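This report concerns only the one structure given below.
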Amino acid sequence: MTDTQRIRFLSTSLIVGFFLAWEVLCILLNVSDLVLPRPSEILVTMWTRFPVLWPHILQTLYSTLVGFSLGVVIGVTLGVLVGTSKIAYAVAYPLLVGFSSIPKVAVVPIFVLWFGSGTTPAVLTAMVICVFPIVVNIATGLATTEPELEDVLKTLGASKTEILWNVGLPRAMPYFFASLKVAITLSFVGAVLSETVASNMGIGNVMMTASSNFQVSLVFAGLIILALMGVALYAVFSLLERRVTGWATRGNDIAVT
Amino acid sequence: MNMSSNIPARDAQPVQTASVHSRPALELQNASVVFGSGANAVTALTPTNLKMERGDFLALVGPSGCGKSTILKLVSNLLQPSEGLVLVGGKEARAKELRIGMAFQNPTMLPWLTIEQNVMMPLKIVSPFKETYRQDKTGAFRDRVHALLAQVGLKDFAQHYPWQLSGGMLQRSNLCRALVHEPDLLLLDEPFGALDQFTREELWQIMQDLYLDRKPTVLLVTHDLREAGYLANRICVMSARPGRIISDEPVNIPQPRDIGMIYSPAFVEMTQNLRELIAQVRST
């Protein structure tokens, strides 16, 4: 068995073991299913209620992805503006830090005030929450480009745009994709957050409603669905990252030295 | 050497060559560089005059910090002269339409591109190639890049990424990238400095072949006197900071030169003389 195989085997056993321990402890300690339902009960609920849950899953996914896409567009634009000029970087940094340090829960009531409850505040929260890591990463990637790489194009008489396009942006790609992994997770959190507060759709809303009706196993079913969706989104973007910026993770040092 | 006959654009503009021919390929007119101002001013280069004809291969040697690289930066547009003029083919070096090829000591291949894409980069940036880049990148330009890579023995590595190549191979692709757009002026900043002796001598021969084949105007900055003597047909010695050209001698050995020649008495005597000259300027 190779090392990677062993690691895979062990982490699978850990996950399975976790749920087994949960199940067994609930039975042994006679925990009421109003406090903590057993995984088997949750699984049954998920299965039987799936037709009802499915549109909510799609709704959460939709809010997350739309908000995330908007966030990427805004984040990349701001990141390029800030990253290509040292002065812009220094000038804009305090404001960016200020925005980023606002707890994002606090913006939900404002969006509800402006747009009413529903999909819009969820999308906007998902967007706002993911912009900052993208801006910072793009800006850092551009600002840390090795001057030697830029000199290659400068001696050829390349314009600023050509340098940005051929050196700056490709060089910033690994930073960008690293930030996307973080950003998609944050967007997801933002969307669910907004749904729990102000929406009649989405998994966040399902969990709120279920909890006020004491449908505890449905609450947990929602939680597990959220976990699975989060993992899936993260996995998609890690895969994309490895595809696009593979050059950065192998033997990069040979190329620059 | 018949590889070069496959390369189309070489014989493309005989008319232009004639008009530029009357002017020196490179000329420094009292060019000087001063960093900082007032009491903190550091003179990197005292007013310097230097002329290179088309097809010259000039080596600049001298102690470290003498301003050799400053001259290269002036010519390559990375630095502006504080005073004086830098003319390339009669035009001021800041002019955009200049065609300069440059190879640094670091190969600085862009790590996200294949060797082929790296070598093709100047064709994407420099006129008149960039105008037809979209059409030609899979045709004429690709053939041109492949012919060059074949000439330096990298035919099978076009699709490799820089991290898959050794230092010597990267430096060979670096030479290709510096030459692919038929530059008016080829600038070499100690391009073989970081290589081991065997690889270096191998690259000297490749460089000589490329030079004799294409006859670009070459300005080579180096610490290595044997490298200067083997490759160049003219050697300038610079004094220590502030830099100044103190000797300007032709190398009267017919080309192509055999690599064994660097151990011949005449060659050893020449490098010995250069060495003593540099030792003198260092001590003063």
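The model shown is predicted, which means the values in this text are computed figures rather than measured ones. The sequence lines fix the lettering, A, B, ..., with proteins before strands; numbering per chain opens at 1.
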Output yes when A/Glu162 and B/Lys124 qualify as a salt bridge under the 4.0 Å nitrogen-oxygen rule, no when they do not.
-> no
Heavy atoms from other residues, nucleotides or ligands near CD1 of A/Ile87 exceed 12 (cutoff 6.0 Å) | no
Cut-off 4.5 Å, heavy atoms of chain A, and the answer for B/Lys130 is side chain
How about A/Tyr234: does its OH atom have over 12 heavy atoms from other parts shown lying under 6.0 Å from it?
-> no
Dump the intermediate steps for side chain to side chain contact (heavy atoms under 4.5 Å, CB included) on B/Trp112 and A/Val167, then the final yes or no.
-> CA-CA 9 Å; B/Trp112 52 86; A/Val167 179; 4.2 Å; yes
Nearest-0.5 Å distance that lies between atom CE in B/Met121 and atom CG in A/Leu153 | 5.5 Å
Count the heavy atoms of every other residue, nucleotide or ligand shown that sit under 6.0 Å from OH of A/Tyr93, and state whether that count exceeds 12.
-> no
Measure the CZ-CG distance between B/Arg99 and A/Leu156 for me, rounded to the nearest 0.5 Å.
-> 11.5 Å
Would you give the length of the straight line joining atom NZ of B/Lys73 to atom OG1 of A/Thr155, rounded to the nearest 0.5 angstrom?
-> 12.0 Å
Part of B/Leu78 lying under 4.5 Å from any heavy atom of chain A = side chain
Going through the distances and angles, do B/Leu110 and A/Arg171 end up as a side chain to side chain contact (heavy atoms under 4.5 Å, CB included)?
-> CA-CA 9 Å; B/Leu110 303 178; A/Arg171 172 67 175 60; over 6 Å; no
Does the side chain to side chain contact (heavy atoms under 4.5 Å, CB included) test come out yes or no for A/Val152 and B/Arg177, once each step is laid out?
-> CA-CA 10 Å; A/Val152 171; B/Arg177 183 175 61 184; 3.6 Å; yes
